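Position 1 is the first residue of the sequence, and the numbers go up from there. None of these values were measured; they are calculated from a predicted model.
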Amino acid sequence: MITLVLFDSQNDRPNYWLVILIALAALFTQLIRTIGISIFFALFLYLLFSRRIKESAITFGVFSFGALFQFWLNLRNGGSVISAGYESQVFNGSILEKIGQMWTNLLGYLNETIAGGLIPVFGERVTYILGSAIPWMANTGILLLVILGVLISWKRVKLFDVYVLIYLVAILAFWNPKVGSVKVRFLIPMIPFLYFYLIGGMKWIFERVTKNHLITARLVFGVAVAVTLSLVARNVQDWLNPVNLQMTDLSIGTDWIAENAPKDAIVMVNEPVPAYVQAHRKTVGYPRDLQNIENYVVNQGIDYIVISPLLQTPRSTILDEGVEKQLLPILNSAPGKYTLVYRSDEHNVTVYRVVN
């Protein structure tokens with residue numbers, strides 16, 4: 001990203017080696033897909049519309065050579081040009097459906113996600129203490145400053161402006177209702193540029209109010225220091241109270257499985273993917289129809305069943321309603337078929353062994 005800014009800060013025609021370097025950077029970061037592809041398209045389009053035909057050809061050639069080689073490797077190993085997950089999450093649905101998804105994602109990012117990524121003061125605790133009005137006004141103010149900074153910067157479009165636009169469209173196109181399509185982590189490649197726009201918007205406001213460049217510089221510096229301190233405070237807070245201590249502890253019950261269950265055992269849990277790391281056994285999720293648990297256990301070859309609260313933050317010991325009222329009574333009503341082998345009253349976790 002620094003390379004994008006340095007490249008664009010030069011008024012002269014770029015050195016061919018610098019163009020090749022950025023193209024290679026885009027190619028290698030293609031492993032992170034969206035970032036690398038966004039860098040490539042931003043550089044290519046910027047050079048093309050700047051009428052730098054040779055440089056745009058070099059960029060296209062370097063990136064295409066590496067991309068074609070990677071596509072060949074994927075196909076040779078039984079994969080596809082575009083991964084099935086990426087295709088279903090980005091290229092799914094009709095044009096109208098995609099527009100609706102992107103609009104929904106945009107509203108999600110505007111609702112404290114962008115502002116919270118820049119200045120980490122939003123959250124349930126702040127809303128509880130100050131009410132919803134003040135965080136809403138702060139969120140609106142930050143967004144307006146960012147938008148103002150974008151308008152100021154785009155008076156003369158720069159390379160990183162094109163990158164931000166392409167990357168924004170890419171993350172808005174992502175759609176996965178199962179895990180959520182709006183994530184602060186998706187904004188990380190944009191954060192430096194969003195700070196640039198935020199400071200640009202503040203600078204423009206301060207200059208109009210103070211009419212003094214020195215005072216404006218001091219005010220911008222003061223705000224930058226305040227934002228930096230808020231980031232430091234959040235990092236210190238995360239260090240003192242890490243996320244793993246705030247969320248449901250998946251090791252309860254699954255650690256017992258890892259120590260006592262046979263290596264080929266199949267375990268039914270409510271969070272099969274993250275629980276696999278703890279259990280070191282094949283894991284499957286709960287069935288949709290909890291009343292049909294007996295057929296599901298036979299069909300899946302399940303050996304152990306872990307009953308635990310859902311993975312959530314803050315952590316809770318309350319079981320899902322369906323598990324508590326449907327699944328658990330079935331297991332407890334048939335002790336000869338489902339034997340209780342582990343129990344943690346503190347965390348409300350139980351483990352049952354399926355008797356074959």
Side-chain angles (χ1 to χ4, degrees), residues 29 31-35 74 77-79 83-89 171 174-189 234-235 237-288 290 293 296-324 327-328 331 338-354 356:
T29 52
L31 297 173
I32 322 175
R33 295 185 297 190
T34 306
I35 299 175
N74 292 343
N77 294 328
S83 67
Y86 204 64
E87 183 177 359
S88 64
Q89 293 164 356
I171 63 174
F174 176 81
W175 184 257
N176 190 337
K178 292 184 179 180
V179 299
S181 305
V182 176
K183 303 285 187 180
V184 176
R185 64 185 179 88
F186 295 159
L187 295 175
I188 292 177
R234 171 57 63 89
N235 288 332
Q237 182 184 22
D238 291 341
W239 175 59
L240 296 176
N241 188 22
V243 175
N244 65 319
L245 297 181
Q246 303 174 35
M247 62 191 299
T248 306
D249 190 354
L250 293 178
S251 67
I252 308 301
T254 52
D255 278 356
W256 186 93
I257 293 288
E259 294 175 0
N260 298 278
K263 294 293 184 181
D264 59 348
I266 300 176
V267 185
M268 188 181 83
V269 292
N270 58 11
E271 299 287 348
V273 176
Y276 169 80
V277 179
Q278 302 288 343
H280 301 290
R281 305 292 188 276
K282 181 179 179 180
T283 55
V284 297
Y286 290 175
R288 294 183 178 180
L290 295 176
I293 183 63
Y296 184 78
V297 167
V298 174
N299 293 335
Q300 297 293 328
I302 294 171
D303 301 295
Y304 291 86
I305 300 174
V306 178
I307 303 296
S308 62
L310 292 173
L311 179 62
Q312 58 187 335
T313 302
R315 63 174 56 181
S316 172
T317 59
I318 300 176
L319 296 176
D320 180 72
E321 183 178 357
V323 173
E324 185 174 14
L327 179 57
L328 202 54
L331 301 180
Y338 306 106
T339 303
L340 180 65
V341 293
Y342 174 84
R343 182 182 187 89
S344 172
D345 293 327
E346 179 183 356
H347 297 90
N348 198 14
V349 175
T350 51
V351 178
Y352 292 84
R353 181 171 62 86
V354 180
N356 298 320

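- Evaluation of the side chain to side chain donor-acceptor pair (under 3.5 Å) test over residues 251-266, restricted to residues two or more places apart or in two chains, returns D249-S251.
- Between R281 and A265, the shortest heavy-atom distance links the atoms CB-O, 3.6 Å.
- Between I171 and L187, some side-chain heavy-atom pair lies under the 4.5 Å cut-off.
- Between V351 and S308, the closest side-chain pair of non-hydrogen atoms is not below 4.5 Å.
- The distance from atom OG1 of T350 to atom CD1 of I252, rounded to the nearest 0.5 Å, is 12.5 Å.
- Interatomic distance, L319 CG to L310 CG, rounded to the nearest 0.5 Å: 8.5 Å.
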Can you check side chain to side chain contact (heavy atoms under 4.5 Å, CB included) on V306 and I257, steps first, answer last? CA-CA 9 Å; V306 178; I257 293 288; 4.2 Å; yes
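- In terms of heavy-atom proximity, Y286 sits nearest to I307 at OH-CA, 3.5 Å.
- You'll find the side chain of T283 reaches within 4.5 Å of the side chain of V269, heavy atoms only.
- Between I318 and S316, the closest heavy-atom pair is N-OG, 3.1 Å.
- Residues satisfying the side chain to side chain contact (heavy atoms under 4.5 Å, CB included) criterion with Y296, sequence neighbours excluded, are M268, V284, P287, I293, Q300, I302.
- Applying the side chain to side chain contact (heavy atoms under 4.5 Å, CB included) criterion to R185, with sequence neighbours excluded, gives K183, I188.
- Residues satisfying the side chain to side chain contact (heavy atoms under 4.5 Å, CB included) test with L311, not counting sequence neighbours, are M247, T248, L250, E271, P274.
- Under the ring-ring contact (aromatic ring centres under 6.0 Å, His included) criterion, F186 pairs with F174, not counting sequence neighbours.
- Here the side chains of D320 and N270 are not in contact, with every heavy-atom distance at 4.5 Å or above.
- From R343, atom CZ reaches atom CG of N348 across 7.0 Å, with rounding to the nearest 0.5 Å.
- In terms of the salt bridge (charged side-chain N to carboxylate O under 4.0 Å, His left out) criterion, E346 has no residue partners (sequence neighbours excluded).
- Two residues are said to be in side-chain contact when any heavy atoms from C-beta on lie closer than 4.5 Å; L328 and Y352 meet this criterion.
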